[in-house]
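Worth knowing before you read on, the calculation uses all heavy atoms, side chains too, and leaves out hydrogens, waters and symmetry mates. Here is the naming used below: chain letters follow the sequence lines, and residue numbers restart at 1 for every chain.
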Amino acid sequence: MSYSIEIDRKWQKKWEETKLYKFDPEKKGEKLYCLEMFSYPSGANLHLGHWYNYSLTDSWSRMKRMQGFNVFHPMGFDAFGLPAENYAIKTGIHPQDSTLKNIATMEKQLKEMGATFDWDYELATCMPDYYKWNQWLFLKLYENNLAYRKNAPVNWCPKCQTVLANEQVIDGKCERCDSEIIRKNMTQWFFAITKYAQELLDCLPQLDWPEKTKKIQTNWIGRSEGSEVSFFCEKDGEQLKDENGDPLKLTVFTTRADTFMGVTYVVVAPESEICAKLTTDAQREEVEKYREFTSKASDIDRMSTTREKTGVFTGAYAIHPLNGRKVPIWASDYVIAGYGTGVVMAVPAHDERDFEFATKFGLDIIRVVESKEGAADELPYCEKKGVLVNSDEFNGLEMHKGLDAIVSKLATMDMGVKKVNYRLRDWLISRQRYWGTPIPMIHCPECGVVPVPEKDLPVLLPYDVEFTPDGESPLAKCESFINCKCPKCGKDAKRDPDTMDTFVDSSWYELRYPDNKNSEKIFDSEWINKIAPVDKYVGGPEHAAMHLLYSRFIAKAMRDMGLVKFDEPFKSLVHQGIILGPDGNRMSKSRGNTVAPDEYVNKYGSDVFRTYLAFGFSYTEGGPWDDKGLQAIVKFVNRVERLVDDTMTITDKYDPASLTKADKDLNYVLNYTIKSVTADSERFSFNTSIARMMELINALTKYQQSGEVNKGFLRHVVETLLLLFAPFAPHFTEEQWEKMGNEYSIFNQAWPTFDESALVKDEIEIAVQINGRVSFKVDIPSNAEQADVEAIVKSDARFDEALAGRNIVKFIYVKGRLANIVAK
RNA sequence: GCUCGUGUGGCGGAAUAGGCAGACGCAACGGACUUAAAAUCCGUCGGAGUAAAAUCCGUACCGGUUCAAGUCCGGUCACGAGCACCA
């Protein structure tokens, strides 16, 4: 029976019956936790991206298994989330019903892929036995002051009447109805990821992750070294006081304290509390109007850098602490309330934004830095080098020295200090949506916010809920859910109506898999410290800043809560590339350029399809889909099968001691193949792994054609080829292995090792270059030293001809590669 | 706008540490086998040049370092990604 999907089915059945991929924690061998990012159970069948990610990572883990590792390789579903809810709004099919059905379909398809997942460790985030621990985690974070509530702006779609997650906002528009998103203040739950900003940065270098991903995280965290400097303020001719009656300090964050003497005004974010406090009665109406105007501005407007600056004078003044200058305080939305102190000192001579603003509103511009003394640089001069001018006692100081001097001076007055700021914000996790984990908090009119007691977990997500969006959380309208008793005082209270961001679900799932049935604890810490962290994590690059950062944060928080002993959840990370449609665009139903794996799998079998995915693309690059190369794999698989048919009846023993010259040549290729496939597959270079196996088969064909065949050796080579090919074509090779009369299963065999001595050749061919150009080639003993090579080359007739009477200036021999003669 | 990444034949892609560019395959062309086709096997396959060689050009473009550059450095262009008034 030649290879087809029938073979797939035969072995899938046998593997399941014999529990071949059952994970046994006690099995000997170093543990290896290999994980692919779990998938969202969407309606359609597995798409090409799933196959590309899962089947090839499975190949990798199969190799590791054969290499003797005790591989833990689970699979599950990221089952909460908006698509199911939106689908429900459209069709009326309940998210739970569609999700559970989709999970069943995907499980079946994943099994057809022939992956080594142990389904006993499956999890789905929408199940109460999972989200119970989501809620438990929330309570722990709350206890440890890592979860808190505050009023904050959210993305609001005026048409859908609902809050949208950041990831649903595409270029400032709603992903569903394309309306422009506006900002709205709501009281929300946050996780204090910023407490870990520095550690999240510090641990990056030690991770075996793509450099690009580390850079994205570095940028996202956005560490910025600067200073906080303060001003006293004056309003209507009187000094402003704080709540203690002391003079009010208006503090700004700046990275350019060196330009401090050039401050000509100060700007506050219009929505900030300090803005209201600073505003004079005379200006109040205007400032109010402006605040309203900016709150209505859509994100599109806000995001535009070309947008003209707007702003309004608050009526108050700041007093420059070093020169006593009275500078006006303005409100403008080019200052972000959430970053730094929400207040900025403006130095229009040395900042483009300040310059634009000052020019528009006729504010003073004072130059305080010159590239070198006396240079009339064009303003704004924003280069971070130069010498201070117009800066009184600091004149003539080089920029960095000036900065230190100014901050030191301010520090003596208690008006300045060096400070590090991060761009990273705390993680807003509240969602006014139905299909997610209910937040386990109760709002009591008497006691305030009260956590649900642990014994009452899980707070079950009710089934019968009206979830058509109308601006209110769907759960708020579900009487049976929202009404409860306060756990503290027993009086009537209400549950928190929001659900958690689904990124919370996926921020710790890798730690639940190994202990997925634990009903007492989130997981057994002792066991988790053995099996975790994940050794190899594979998934799309789109999660670089969100999921991968959140997971790192949660792991660190868990560590500090004593739940785990490691610092990082994913030691090594690989991003698979993206397979585009045949037209080079991202596959999408609306474009009509999607490619269905099923058709190929049905026609060619899972293994041909898997192997083609391995061979046709550079794994981390991906690229446009093109099925022309599939035939190459069919051909390759047929060649392997023919070789098996030729050798399956051979009973001669392989005797390594009796190899002829021809045998040794083939043995060289064999060992080179073992070495290359092992090294290439290790680093996810699957295309070159397959290429090396094709070379081996080409060499085998030549060997067979040569007529002098050592049967025992030939059989040994074919068996080794099967072992190397097994991770890529598991069903096919299992079948061939059986045909050859070998014991079940090929995956219980040891991965081939190569013999270094077989890779040593007596004689090698090197290129001889004259002045860097290849002139001719020559055979030399592989252990020849420079002097020997020089002698061989000089005695070659072609050398004199190539030299053409020139003198040898220098003779360079690069061992085993080439000789280069510099001639003049 | 800022930051990062990527540019190699007709195509997918190789080249791990500066050392023979184009492995392996697809497509194409030629041949063997065949009544024929399929399948299989053998060969050619970056460009110019030649009867064939020799030779020259060639890894987006310009320049540099080096005995030697796809690889390192400086600049330009194109594409892609991330961030987006972050003070």
Side-chain angles (χ1 to χ4, degrees), chain A residues 171-172 210-220 222-224 226-227 252-257 259 266-267 299 302-307 309 332-336 338-347 350-354 356-357 421-425 541-542 544-545 578 612 615-618 621 623-636 638-639 642 676 679-680 682-683 685 687-698 701-702 705 765-777 809-824:
Chain A
D171 291 332
E211 287 305 318
K212 185 166 182 177
T213 305
K214 294 197 215 178
K215 272 184 184 135
I216 288 173
Q217 293 216 344
T218 304
N219 284 340
W220 189 270
R223 181 188 156 98
S224 169
S227 320
V252 307
F253 175 75
T254 178
T255 55
R256 293 296 306 275
T259 64
V266 169
V267 195
D299 266 22
R302 276 181 170 253
M303 272 159 53
S304 165
T305 26
T306 53
R307 175 180 176 233
K309 296 268 182 295
S332 172
D333 66 355
Y334 84 89
V335 173
I336 297 160
Y339 183 75
T341 61
V343 190
V344 161
M345 66 177 216
V347 187
H350 305 291
D351 181 278
E352 278 182 34
R353 295 154 302 189
D354 298 345
E356 189 195 334
F357 192 84
N421 242 315
Y422 301 90
R423 211 186 62 98
L424 184 71
R425 310 295 165 78
E542 67 275 15
I578 296 162
Y612 177 60
F615 182 63
F617 306 86
S618 167
E621 296 295 317
W625 174 254
D626 178 1
D627 60 12
K628 283 208 196 85
L630 263 166
Q631 275 308 325
I633 304 301
V634 173
K635 213 165 114 181
F636 176 70
N638 287 340
R639 288 179 81 181
R642 240 174 290 131
S676 306
D680 288 358
E682 176 68 38
R683 59 185 177 99
S685 179
N687 52 349
T688 52
S689 297
I690 306 291
R692 295 295 88 81
M693 286 187 257
M694 287 173 169
E695 282 169 359
L696 175 59
I697 226 171
N698 287 342
T701 306
K702 283 219 166 69
Q705 287 168 348
E765 186 191 63
I766 62 159
V768 179
Q769 298 182 332
I770 309 273
N771 291 336
R773 287 168 176 281
V774 179
S775 182
F776 60 94
K777 297 191 176 174
V809 178
K810 203 172 174 187
F811 190 102
I812 298 151
Y813 173 55
V814 184
K815 194 156 175 112
R817 295 202 183 261
L818 52 69
N820 188 20
I821 293 100
V822 185
K824 221 175 172 180

Heavy atoms from other residues, nucleotides or ligands near CD of A/E352 exceed 12 (cutoff 6.0 Å): no
Is the NZ atom of A/K628 crowded by more than 12 outside heavy atoms at less than 6.0 Å?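 At most 12 heavy atoms, drawn from other residues, nucleotides or ligands, come within 6.0 Å of this atom.
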May I ask you to evaluate whether [X] reaches the phosphate of [N], defined as a side-chain N or O under 4.0 Å from OP1 or OP2?
X      : N     : answer
A/R639 : B/U40 : no
A/N687 : B/G12 : no
A/S224 : B/A87 : yes
A/T688 : B/A23 : no
A/K777 : B/C20 : no
A/Y339 : B/A87 : yes

Is [X] touching bases, backbone alone, or none of the nucleic acid, heavy atoms closer than 4.0 Å?
X      : result
A/N219 : sugar-phosphate
A/K212 : base
A/F636 : nothing
A/K635 : sugar-phosphate
A/R642 : sugar-phosphate
A/Q705 : sugar-phosphate
A/G340 : nothing

Taking the six-membered ring of A/F357, is the NZ or CZ of A/K309 close enough (under 6.0 Å from the centre) and on axis enough (within 45°)?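 Here A/K309 fails the 6.0 Å and 45° test against A/F357.
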Distance-only donor-acceptor test, A/K309 side-chain atoms vs B/C85 base atoms, 3.5 Å: yes
If the C1' atom of B/A14 is compared with that of B/U59, how far apart are they to the nearest Å? 13 Å
Just say parallel, tilted or perpendicular for the rings of A/W625 and A/F617, cut-offs at 30° and 60°.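 Ring orientation of A/W625 relative to A/F617: parallel.
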A/N698 or A/R773, whichever maps to the more 5' nucleotide of RNA chain B: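 Looking at RNA chain B, the more 5' nearest nucleotide goes with A/N698.
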For RNA chain B, whose closest nucleotide is more 5', that of A/V343 or that of A/I690?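 Upstream on the strand: A/I690.
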For [X] and [N], what is the distance between atoms [atom1] and [atom2] respectively, to the nearest whole Å?
X      : N     : atom1 : atom2 : answer
A/E352 : B/C2  : CD    : C1'   : 11 Å
A/N820 : B/G19 : CG    : P     : 13 Å
A/M694 : B/C24 : CE    : C1'   : 7 Å
A/Y612 : B/C24 : OH    : C1'   : 13 Å

Separation between CD1 of A/I697 and NZ of A/K635, rounded to the nearest 0.5 Å: 11.0 Å
Point-to-point distance, once rounded to the nearest 0.5 Å, from CD of A/Q631 to OH of A/Y612: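 A/Q631 atom CD to A/Y612 atom OH measures 11.0 Å (nearest 0.5 Å).
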For B/G10, does the O4'-C1'-N9-C4 (purine) or O4'-C1'-N1-C2 (pyrimidine) torsion place it in syn, i.e. within 90° of 0, or in anti?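 You should classify B/G10 as anti.
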Among B/A23, B/A87, B/G25, find the nucleotide with the atom closest to the side chain of A/V344. B/A87
Out of B/U16, B/C20, B/G13, which nucleotide sits closest to the side chain of A/Q769?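 Shortest atom-to-atom distance from the side chain points to B/C20.
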